[in-house]
Amino acid sequence: MNSQLEKATAHITGSFYSIAIAVIALSILSLVVAKTVGGKNRRQQRATAELTFAIGMVLFALLFLPRILS
């Protein structure tokens, strides 16, 4: 294989793994937050989990994604 192609493939794969790890970590964090401070019923907990995940993804996209993709 071409060394430039290998480098590009490695960069893309590494970026994909980083994004996947961030999504999994944010999912776990949002579930923990929902269980601890989410509310009394399941609907409130789900809303808290979704809000936490959305805020985490926005922060990830603004702060870390440019570094990963550069």
Side-chain angles (χ1 to χ4, degrees):
M1 260 186 133
N2 191 358
S3 65
Q4 291 179 348
L5 183 62
E6 288 178 10
K7 288 179 183 178
T9 304
H11 181 68
I12 292 169
T13 305
S15 299
F16 179 74
Y17 286 152
S18 298
I19 293 170
I21 289 169
V23 167
I24 291 169
L26 281 172
S27 297
I28 293 170
L29 177 68
S30 66
L31 288 175
V32 169
V33 169
K35 289 290 182 182
T36 56
V37 294
K40 295 180 182 177
N41 58 20
R42 201 170 273 258
R43 192 172 94 193
Q44 289 176 340
Q45 290 177 356
R46 184 171 180 185
T48 303
E50 289 176 358
L51 182 64
T52 305
F53 183 79
I55 291 171
M57 285 304 294
V58 167
L59 289 175
F60 173 76
L62 292 175
L63 299 176
F64 298 112
L65 197 59
R67 290 185 202 155
I68 291 172
L69 296 178
S70 66

All N/O donor-acceptor pairs, side-chain side in residues 21-33, below 3.5 Å, sequence neighbours left out:
unit_1 : atom_1 : unit_2 : atom_2 : d
Ser27  : OG     : Val23  : O      : 2.8
Ser30  : OG     : Leu26  : O      : 3.2
Ser30  : OG     : Ser27  : O      : 2.9

Task: Atom of Gln45, atom of Gly39 and distance for their closest heavy-atom approach - done: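 Closest pair (atom of Gln45, atom of Gly39, distance): NE2-O, 3.4 Å.
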TODO: Give every residue pair that meets the side chain to side chain donor-acceptor pair (under 3.5 Å) criterion with at least one member in residues 46-59, sequence neighbours excluded.
DONE: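 Matches after skipping sequence neighbours: Arg46-Glu50.
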Open item on the list: If I take atom CZ from residue Arg42 and atom CD from residue Gln44, how far apart are they, to the nearest 0.5 angstrom?
Closed with: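 CD of Gln44 is found 13.0 Å from CZ of Arg42.
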Task: Gap separating the CG atom of Leu65 from the CE atom of Met57, nearest 0.5 angstrom - done: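 The CE atom of Met57 is 8.0 Å from CG of Leu65, to the nearest 0.5 Å.
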Task: Connected-component partners of Ile55 among ILVMFWY, side-chain separation under 4.5 Å - done: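 Reading the cluster by chain and number, Ile55 sits alongside Leu51, Leu59.
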